[in-house]
There are 2 protein chains.
Amino acid sequence: MAYRETPRMRARKAATRQRIVDATLQLVAEGGFGNASVARVAERAEVAIGSVYRHFESKSELFAEVFRNATEIEVNKVAETLNGEGPASERLTAALRVFAQRAIRGPTMAWALIAEPVDPQVDEERLRYRQAYAELFEKNLTRGIKTGVFAPQNTRLSSAAIVGAIAESLVGPLSPAAEGLDGDAAQQLTEDIAHFCLRAVRPIEGEGS
Amino acid sequence: MAYRETPRMRARKAATRQRIVDATLQLVAEGGFGNASVARVAERAEVAIGSVYRHFESKSELFAEVFRNATEIEVNKVAETLNGEGPASERLTAALRVFAQRAIRGPTMAWALIAEPVDPQVDEERLRYRQAYAELFEKNLTRGIKTGVFAPQNTRLSSAAIVGAIAESLVGPLSPAAEGLDGDAAQQLTEDIAHFCLRAVRPIEGEGS
DNA sequence: CCAAAAAGTGAATAGTGATTCACTTCTACT
DNA sequence: AGTAGAAGTGAATCACTATTCACTTTTTGG
C-alpha cells in the first residue's frame, strides 16, 4: 500500500470544496441559482467539471449546501437582533429592520433565497429557512405575550404570517425585473413593514393583563 | 378558391382549443404545472402534439392562458365578497375566509397558482395575480380607513403584506409534501389568518377620527 | 366530383445542461 | 524508483421535453 490520507491532503481537498462553494455563492449573488450552471461553477472555481462531482453527489446537493451557507448568516443576524436588549416589541421591530435592510442591500441573493424557482432539494432547504425565521419570531412573540407587550394569539400562525408579509413586501422590489430602490424608498419600505407586523401583534390598547 | 372560414369550423376550432385548455387545467389541478407536459396535455385532450401548436404559439403561452383562466375565478370570488354588504372590516374577514377555504379545498391548484416554480411567463402572470388581490385589498383598506374601521396606514404596503401573510400561512399546509388538513384544522387556520390580518389593519382602540 | 385551404398528425429534431468515465496527474509511503 | 490509491480532467453521453414539419385528413364552394 502507499497512499494514505494525510492532513495536508485533507486540507487541500477541503480547500477545493470550499472554492467550489464560494464560486457558486458568487454566481448566485450575481444572478441567482439560474446563473450557476455546473460548467460556470467549475470555470469560476478553476476546476474541471468532473471535479465538482468529486465533491458533491449532484448539483442539487451543491445548491443545497450553498443555500444553507448563505442562509445561516442571515438567520443569525436576525437571531442576534431578536435576542438583544430591550422589550420584545422593540426587538421585533429591530429584527424586521435588519431583515429588510440586508435583503435590500443584496437584492439578488435575497431574491434567490426567498423566491427564485430552483429545484425540489433547494425548496426543501427554503422551507427550513423560512421555518427557522418563523421559529425565531415565534419565540419572540411568546415572550412578548408574557410581558404583555403583544396580544395573546396563535403564535405559530402569526410567525408564519410575519415571514410571509415580509417576503411578499420585498419580492416585488427585489425581483430581477424591478429596478433597485433608492435609500429613502428602502427606508420607508422597511418602516412600513415593521409597522404592519407590529400592529398585527400588539395588544388591544386599554386592556391590561 | 374553395375553403372559407365558416361558423361551424370556427366553433370546432374554438372547441378544440378549449379542450386543450381544459385538459391542461385538469393536469395542473392534479399535479401542478410540472405535471402538464405537452405530450400529456395532448393525450388528455385527445389531439396530437402538433395540434397543441396550432392553437398556441408555445407551451408558455398555453400555460399563461390556463393560469389566467384559473386565476380569474378565484379573484372574482374574492372581489365579490369584498364588495358585499356590511362594514369594510367584516367584508375583509369574509374575503380572507373565502380565499383560504377555497385554497384548502383545491390545494394542488392553489399551490400551483401561488407558489409552484414554473417559467418566467407564468411568473409574470403570477405577479399580476398577486397584484390583483393586492389591489382588491387596497381598495377595501382605503374605504375602511375612511369609515374609521381601519387605522390610517400605507395601504399599498399593507395589502401586499396581507397577500404575503395568507400565502405563507397556506403554503406549508398546501405544499404537495404536506398531508391535507382535516375540517377543524382548516377552520382554525382560516380564522387565525383572518384575525392576524384584521389586527394588522384595525385602528388603535379609543382613538376616534 | 374536384381543387384549395385549413386543421390535424406524430416521428424526428433540437436545445439545454447535468452527469459519467476512461484517462492523466499528483501524493504518500516503502 | 516504484506503486497504490486518490484527486483531477473534460469530451462524450444521457435525459428530458419542447418544437418542427412533411404528410394526411377534413371541409367547403364551384
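- Open room surrounds CZ on R156(A); 12 or fewer heavy atoms of other groups in view lie less than 6.0 Å from it.
- One can place OH of Y53(B) at 15 Å from C1' of dA11(C), the figure rounded to the nearest angstrom.
- Look at CZ on R10(A): it is 12 Å from P on dA28(C), rounded to the nearest Å.
- The listed nucleotides are dT19(C), dG8(C), dT27(D); the one nearest the side chain of V38(A) is dT19(C).
- Between E125(A) and R128(A), at least one side-chain nitrogen of the basic residue sits less than 4.0 Å from a carboxylate oxygen of the acidic one, meeting the salt-bridge criterion.
- Within 6.0 Å of atom NE2 in H195(A), 12 or fewer heavy atoms from other residues, nucleotides or ligands are found, so the atom counts as exposed in its surroundings.
- Residues E57(A) and G34(A) both approach DNA chain C. Their nearest nucleotides, taken by heavy-atom distance, put G34(A) toward the 5′ side.
- The I49(B) side chain lies nearest to dG10(C) when the options are dG10(C), dG10(D), dT9(D).
- Between the CD atom of E5(B) and the C1' atom of dA6(C) there is a distance of 10 Å, rounded to whole Å.
- A salt bridge links E65(B) with R17(B): the closest approach of a Lys/Arg side-chain nitrogen to an acidic carboxylate oxygen falls below 4.0 angstrom.
- Residue order along DNA chain D, read from the 5' end via each residue's closest nucleotide, puts G50(A) first among M9(B) and G50(A).
- For R8(B), whose side chain is taken as the heavy atoms from C-beta onward, the closest listed nucleotide among dT27(D), dT9(C), dT9(D) is dT27(D).
- Taking atom CZ of residue R54(B) and atom P of nucleotide dA6(C), one finds them 10 Å apart after rounding to whole Å.
- Distance, I20(B) CD1 to dG8(C) C1': 10 Å, rounded to whole Å.
- Nucleic acid contact for S37(B): sugar-phosphate only, since backbone atoms but no base atoms lie under 4.0 Å from a heavy atom of the residue.
- Rounded to an integer number of Å, the gap from CG of D119(B) to P of dT17(D) is 14 Å.
- Taking side-chain N and O atoms only, S51(B) has no distance below 4.0 Å to OP1 or OP2 of dA7(C).
- By the 4.0 Å N-to-carboxylate-O rule, R126(B) lies too far from E116(B) to be salt-bridged with it.
- For R12(B), the listed nucleotide lying nearest its side chain is dT27(D); candidates were dT27(D), dG10(C), dC26(C).
- The phosphate of dG8(D) (OP1 or OP2) has a side-chain N or O of T16(A) nearer than 4.0 angstrom.
- Rounded to an integer number of Å, the gap from F56(B) CZ to dT17(D) P is 21 Å.
- When the C1' atom of dA7(C) is taken as reference, atom CZ of R19(B) falls 12 Å away, rounded to whole Å.
- Side-chain proximity of K59(B) to dT19(D), dG8(C), dT19(C): nearest is dT19(D).
- Not a single donor-acceptor pair, N or O on each side, falls under 3.5 Å between the base of dT17(D) and the side chain of R40(B).
- Relative to the side chain of H55(B), the nucleotides dA28(C), dG8(C), dA7(D) differ in distance, and dG8(C) lies closest.
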